[in-house]
Protein chains: 2
Amino acid sequence: MGKKVTIRDIARMAGVSVTTVSQVLNGKGKRFSKTTREKIMKLRDQYQYVPDFHARSLIMKGSINTIGVLVPNVSESFFGTFVEGVQQVARQEKLIPLIFSANREPKLEQEYLEQMVERSIDGLIIASARMTTEMINQALSNRDIPYILFDRNYDQQGARVLTDDYHGGQLAAQHLLALGHTKMLFLGVKNITENFKQRMAGFQETINAQEINFDEDHNLLKADLSKDGGYQMARPVIESGATAVFTANDEVAIGLMRGLREQGVRVPEDISVIGYDDIILDEYVYPQLTTIHQPIFKLGVGATEILLNKINHPDAEPEQVEHFPVKLIARQSTGKCQQN
Amino acid sequence: MGKKVTIRDIARMAGVSVTTVSQVLNGKGKRFSKTTREKIMKLRDQYQYVPDFHARSLIMKGSINTIGVLVPNVSESFFGTFVEGVQQVARQEKLIPLIFSANREPKLEQEYLEQMVERSIDGLIIASARMTTEMINQALSNRDIPYILFDRNYDQQGARVLTDDYHGGQLAAQHLLALGHTKMLFLGVKNITENFKQRMAGFQETINAQEINFDEDHNLLKADLSKDGGYQMARPVIESGATAVFTANDEVAIGLMRGLREQGVRVPEDISVIGYDDIILDEYVYPQLTTIHQPIFKLGVGATEILLNKINHPDAEPEQVEHFPVKLIARQSTGKCQQN
DNA sequence: ATGAAAGCGCTAACAG
DNA sequence: CTGTTAGCGCTTTCAT
């Protein structure tokens, strides 16, 4: 209980110098007598000495590893799972992951980023669709802190993990097409970012290739990127007369399904719904959600591995990009088109 | 791009001393000439100088505020929402919350706790049912870092936020009783902790008071505290012949409902299900989940406020405990007992 | 086998 | 108005 015990206290009590204590405690004390070593160890245990992290990192720079993880919202299943992937690698590699959940607020994101810079973080995983590379570099004060991007714009530079969103969109379209749907909707998001654009492009082009009309004026609706966002769009979706809808992500899909149910619209009998991501929840909602699977956990693992690589080989090849596969998971929220 | 710019660099370039720069940059530079001030500011912007956090906190001790938040699992909606509550206060108060998600692994919890100590964190919010006060004090090296407990054992010491779990159990029982149920089950957890014990006690005693038998041998089943845990218990629940089940929390309830559905058992017609917590998901599952509401977000807010209080008045009254109300939210997963 | 001294980047008396 | 000095807690040459 009480004030902090410093290395100096230990040294004084042991009747040796701080150097000795430091060396012994860091396992570099082979050259000291056994007696001294044991005395120091005992004192440490007795007073529960813990080295001060700040003092330490002030000197040792990069040798202590902390990585920052900036996500829009930890409480979304998608990012929660992603973070778990990060943690797994972090743990193996003895890295401490600092998690910051910025609630999709650009100002907060900025603040947190700056915080991390001040804390001389060793690397950064940024999952934010909002920030541009410029904003990031700005917040990073143009320091060369390695970072990797996730779930965001393609056209940006920087190492990153990617999944083939375009292909995901294709898969969704093919699935719906195979079920006989012709009136399809893409329930996108208001602040569209490249990943969603790609999903829609894949979806749209696949459909158009079948001589079925799909254009942004009639077949695109926009929701907030959340369960509630999807929920709010139930009525517009119904009014559109579509028999199938492909949503920006699973959260939106789940919200939409709730809205449809409350409006007396059956899924998939009246309207088929297909989501994106394959979050855990998908199997627990009713009907179980058909979706495009992304290996979320692995994305977290992959992102961390690439980051580590960048940290350890700062001068390595230009940009590293890892691609992860997506696939269709057909469940019960999609079915044959009943209409016509 | 590149190496770190220190206060010394700025001083040299401005042709002044480090003191001057430090003072000016910290807004304590009223006494310096406007010219000097502007020169320094300009240099700072130009070289994007950011003070080193470690060097800073080495000197300034407590005046920079960082709080640690240890939760079992950020990706569970419950803790996600809780953390959001913490963040809200943190932001107002200019605190940086460091979030650690320990995955319910005691060893990891321990590790993270130690990490926080090293980082001379100013305070701690611990949501872990597993750790005892002793373990915590141990990990904290008996330092007097203020911490507050959440979602855990009652009999422990320490400031904390509490909700009336016993009353929650009572409410659940009353609700089910009013619906005419007589064969009720409590779907508890394997590693039972005080909060769950209380919920069950309130439930059990309310039922027993009605001359209805409820005892641990026949009316208690144990699941893992997760969706999957509830899911796994569907068959045992069915085989028990109960017409209503009260689950340890909503995650378990949602898993159970999925399991029941897959077994062809209807909720609430065949079996009523009532959960605990009132997580966001409850309104999105089908049927919508009846539950005991806890003000999760407010719990996060409250926990942080108490912690802050403790940090700022270390010598204040012994222990501060804040109680938050619980209430029944009747939705569609519970209904009149059809059997009899 | 051990310690003195320097210094990481910064702030804060205390002198001018 | 500005600079000197000391020192936070620690690691690390380099002597002894």
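Letters go in sequence order (proteins before strands), and every chain restarts at 1.
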Taking for each residue the nucleotide of DNA chain D with the nearest heavy atom, is it B:Lys34 or B:Val18 whose nucleotide lies nearer the 5' end?
->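 Here B:Lys34 is the residue nearer the 5' end.
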Nearest nucleotide by nearest heavy atom, which residue falls closer to the 5' end of DNA chain D, B:Ala55 or B:Val16?
->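 Its nucleotide being nearer the 5' end, the pick is B:Val16.
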For DNA chain C, whose closest nucleotide is more 5', that of B:Thr6 or that of A:Thr36?
->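 It is A:Thr36, whose closest nucleotide lies nearer the 5' terminus.
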Among [options], which nucleotide has an atom closest to any side-chain atom of [X]?
| X | options | result |
| --- | --- | --- |
| A:Leu58 | D:dC10, C:dA4, C:dG9 | C:dG9 |
| A:Asn26 | D:dC8, D:dG3, D:dT11 | D:dT11 |
| B:Asp52 | C:dG3, C:dG9, C:dA1 | C:dG9 |
| B:Ser33 | C:dT11, C:dT2, D:dC1 | D:dC1 |

Expressed in angstrom and rounded to an integer, what is the separation of [X] atom [atom1] from [N] atom [atom2]?
| X | N | atom1 | atom2 | result |
| --- | --- | --- | --- | --- |
| A:Ile40 | C:dA1 | CD1 | P | 14 Å |
| A:Ile59 | C:dC8 | CD1 | C1' | 6 Å |
| B:Leu25 | C:dT11 | CG | C1' | 12 Å |
| B:Phe32 | D:dC1 | CZ | C1' | 7 Å |
| B:Arg12 | C:dG9 | CZ | P | 12 Å |
| B:Gln23 | C:dA12 | CD | P | 7 Å |
| A:Lys39 | C:dA1 | NZ | P | 15 Å |
| B:Arg44 | C:dC10 | CZ | P | 13 Å |

Side-chain donor-acceptor pair under 3.5 Å between B:Asn26 and B:Arg56, yes or no?
->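 The answer is yes; a qualifying pair exists.
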Does any donor atom in the side chain of B:Thr19 or B:Ser22 lie under 3.5 Å from an acceptor atom in the other side chain?
->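 B:Thr19 vs B:Ser22: no donor-acceptor pair found between side chains.
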Ignoring backbone atoms, establish whether B:Arg56 has a side-chain N or O less than 4.0 Å from OP1 or OP2 of D:dC8.
-> no
Examine C:dA1: is either OP1 or OP2 under 4.0 Å from a nitrogen or oxygen in the side chain of A:Arg37? Give yes or no.
->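 No, outside the criterion.
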Are B:Lys42 and B:Asp45 close enough for a salt bridge, meaning some N to O gap below 4.0 Å?
-> no
Any idea how B:Phe150 and B:Phe78 line up, ring-wise: parallel (<30°), tilted (30 to 60°), or perpendicular (>60°)?
->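 Because their plane-to-plane angle is under 30°, the rings of B:Phe150 and B:Phe78 count as parallel.
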Assess whether one donor atom and one acceptor atom, taken from the side chain of A:Thr19 and the base of D:dT12, lie less than 3.5 Å apart.
->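 Between D:dT12 and A:Thr19, which were checked side chain against base, a qualifying N/O pair under 3.5 Å is present.
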Separation of A:Leu162 CG from A:Leu299 CG (nearest 0.5 Å) = 9.5 Å
